[in-house]
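Every chain is numbered from 1 and lettered A, B, ... according to where its sequence line falls, protein lines coming before strand lines. The analysis underlying the following values was restricted to heavy atoms, covering all of them including side chains, and did not include hydrogens, waters or symmetry mates.
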There are 2 protein chains.
Amino acid sequence: MLAQNDSKIIDDLLQLIIEGKYKENDRLPSENELAIYYNMPRINVRNALLKLEDMGYIYSKQGKGRFLKPKKHQLELNLTGSKSFTEAMKHAGHDLETQNLGYVKVPYDEKIYSKLQVGQDDEVIKISRLHIVDSQPTALHISYVSKSVFPRIERDGDNIQSMFSYYADQGYTDFSSNKGCVSISFPTSVERALFECAALVPLLVVESDCIEANQNRVLGYTKIIYRSDLFTYVIAED
Amino acid sequence: MLAQNDSKIIDDLLQLIIEGKYKENDRLPSENELAIYYNMPRINVRNALLKLEDMGYIYSKQGKGRFLKPKKHQLELNLTGSKSFTEAMKHAGHDLETQNLGYVKVPYDEKIYSKLQVGQDDEVIKISRLHIVDSQPTALHISYVSKSVFPRIERDGDNIQSMFSYYADQGYTDFSSNKGCVSISFPTSVERALFECAALVPLLVVESDCIEANQNRVLGYTKIIYRSDLFTYVIAED
DNA sequence: ACCACGCAACTTGGCAACAAGATAAGCTTG
DNA sequence: CAAGCTTATCTTGTTGCCAAGTTGCGTGGT
């Protein structure tokens with residue numbers, strides 16, 4: 001599909017949307033109107049519009065039409081900041097709720113076990129929390145910790161809200177998190193359900209270790225998944 | 001489209017692809033095979049596969065089948081680094097070529113003019129360069145400078161390879177770039193052609209000012225657009 | 001005059017039938 | 001026997017038709 005047949009219409013509509021030519025919940029031109037205007041079969045127009053819907057820009061109602069989805073207001077997030085996500089959101093005056101999604105024992109996985117610097121005979125627990133900012137699910141924190149470092153994790157797992165607080169509770173007071181690797185991915189259907197987002201909304205994934213300062217021991221490995229369309233990320237010192 | 005009919009198949013295939021169950025250029029199951037397996041009409045399977053194609057994971061050949069697209073090897077890029085993109089790539093031992101895509105005078109735009117701190121009567125020039133790393137277009141640098149700060153820009157515009165070098169050439173030796181705002185977007189058809197990428201490959205956009213240290217004057221405003229699937233971004237000190 | 005019903009003209013949603021390209025097996029012909 | 005053509009059967013690509021939901025207008029009865 002080198003020369004795509006629906007790229008022109010996507011370009012045009014996207015530009016109109018980004019320029020703000022449509023207001024929230026405005027009706028877009030119908031499939032037939034666009035088909036006539038661009039002189040192409042309706043199915044191509046339709047595919048273009050479905051793509052825009054999957055990207056999260058518009059929604060559709062059978063029998064009525066297609067409409068501009070209200071734009072979520074953007075949160076500002078400092079990727080280089082030393083503040084945790086929780087602190088940063090609260091500091092910016094947002095209403096924050098954290099849902100603990102429970103924990104599971106993960107089967108042996110080379111990448112995760114080596115990140116935690118534990119042997120294959122150790123047990124690794126995965127703890128997931130969903131952060132809801134101003135009633136909007138925005139970030140999913142997935143942390144991996146080993147049972148050897150946190151023996152009581154299976155008792156505490158369901159109640160943890162912030163990993164950093166838990167580390168401190170367990171006696172690890174001096175630790176640092178090296179914000180590490182950033183990548184972009186698309187949501188799985190589970191993530192899509194949690195974030196209440198469309199299928200093609202890109203996610204920004206930040207992976208980082210948390211290292212205890214004194215003994216240089218790895219406390220945990222955390223993957224933070226952000227809905228990329230809700231944030232403007234900032235790279236700068238605090 | 002709350003309950004999507006093609007999400008299961010996308011989930012499954014994406015997991016198989018990411019886990020590496022298919023080798024490069026391996027043939028995936030045909031539309032009919034998947035339709036029978038998932039017990040859904042072929043068109044739904046087809047739409048799912050087209051989505052994967054647009055995401056850049058697979059390619060198709062009429063009459064033959066669908067195949068796993070070879071994965072580009074990932075470049076490492078330090079977002080917080082003080083090195084310029086050019087320096088960073090060369091330093092990592094990559095073959096780098098920069099194509100100057102020419103310059104144009106831009107019509108008045110509030111955001112750009114205010115970023116450059118120039119009046120509406122000033123002229124602003126947009127200079128675009130495409131960076132090709134190991135024969136692969138990877139990043140697009142778009143810089144805006146004003147004619148009042150760089151009077152000779154229209155003579156030099158076509159030959160600039162690196163903005164930083166040009167700033168230095170023009171006598172501005174002490175300047176700093178605050179890597180600022182990061183966001184994710186999708187390519188326009190022009191960008192898609194330049195990057196030789198699929199329609200739904202997310203782009204990572206980094207916007208930054210360059211400020212002259214002595215007089216605190218804004219030299220230029222630069223937007224760097226990266227193909228997000230070619231990089232693993234790193235956030236850390238050099 | 002006014003209300004109710006129905007029909008017509010729109011909207012998006014879904015799908016089946018057909019077209020076109022590729023490949024391999026089998027038949028025909030020299 | 002071998003070369004070349006045909007055909008059957010795979011693959012993906014395209015198109016057109018009909019279903020379903022919504023709205024509004026017009027008509028007919030009260």
Check A:R227 with A:D229, please: is the shortest side-chain N to carboxylate O separation under 4.0 Å?
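The answer is yes: the pair qualifies as a salt bridge.
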Tell me whether B:E53 is salt-bridged to B:K69, with the criterion being a basic N under 4.0 Å from an acidic carboxylate O.
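The answer is no: the pair does not qualify as a salt bridge.
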Please indicate whether A:E33 has more than 12 foreign heavy atoms, meaning atoms of other residues, nucleotides or ligands, lying under 6.0 Å from its CD.
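For A:E33, atom CD is crowded (more than 12 foreign heavy atoms under 6.0 Å).
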CD of B:E76: more than 12 outside heavy atoms within 6.0 angstrom?
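Check fails, neighbour count at 12 or below.
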Over how many whole Å does the gap from [X] atom [atom1] to [N] atom [atom2] extend?
{"X": "B:R27", "N": "D:dT11", "atom1": "CZ", "atom2": "C1'", "value": "7 Å"}
{"X": "A:E31", "N": "D:dC17", "atom1": "CD", "atom2": "P", "value": "16 Å"}
{"X": "B:L34", "N": "D:dT11", "atom1": "CG", "atom2": "P", "value": "10 Å"}
{"X": "A:L28", "N": "C:dT12", "atom1": "CG", "atom2": "C1'", "value": "13 Å"}
{"X": "B:I58", "N": "D:dT11", "atom1": "CD1", "atom2": "P", "value": "15 Å"}
{"X": "B:N44", "N": "C:dC15", "atom1": "CG", "atom2": "C1'", "value": "9 Å"}
{"X": "B:N47", "N": "C:dC15", "atom1": "CG", "atom2": "C1'", "value": "11 Å"}
{"X": "A:D54", "N": "C:dG13", "atom1": "CG", "atom2": "P", "value": "11 Å"}

For A:E191, enumerate each residue passing the salt bridge (charged side-chain N to carboxylate O under 4.0 Å, His left out) test, keeping only those at least two apart in sequence or located in another chain.
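Partners of A:E191 by the salt bridge (charged side-chain N to carboxylate O under 4.0 Å, His left out) criterion come out as none, since no residue qualifies.
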Nearest to the side chain of B:R46, heavy atoms from C-beta on, is which of D:dG13, D:dT11, C:dC15?
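For B:R46, the side-chain atoms sit closest to D:dG13.
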Does a side-chain N or O from [X] land closer than 4.0 Å to OP1 or OP2 of [N], or not?
{"X": "B:S30", "N": "D:dT11", "result": "yes"}
{"X": "B:N32", "N": "D:dT11", "result": "yes"}
{"X": "B:S60", "N": "D:dG13", "result": "yes"}

In degrees, rounded to 10°, what is the bend between the two ends of the helix from C:dA1-D:dT30 to C:dG30-D:dC1, using five pairs at each?
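The value is 50°.
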Say whether A:Y144 and A:D109, considering side chains only, have a donor N or O and an acceptor N or O under 3.5 Å apart.
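There is no such pair (donor and acceptor under 3.5 Å, judged by atom type) between the side chains of A:Y144 and A:D109.
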5' to 3', nucleotides 19-25 of chain D under a 4.0 Å protein heavy-atom cut-off (B base, S sugar-phosphate only, - none) gives -BBSS--
Minimum-distance pair of heavy atoms, taken over all atoms of A:R192 and B:S7:
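So the two residues come closest at NH2-CB, 2.7 Å.
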Is a donor on one side and an acceptor on the other found under 3.5 Å between the side chain of B:S228 and the backbone of B:P202?
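Flag set: sc B:S228 to bb B:P202 pair under 3.5 Å.
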Sub-3.5 Å donor-acceptor pair from the side chain of B:D6 to the main-chain atoms of B:N47, do we have one?
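Checking the backbone N and O of B:N47 against the side chain of B:D6, no donor-acceptor pair under 3.5 Å is found.
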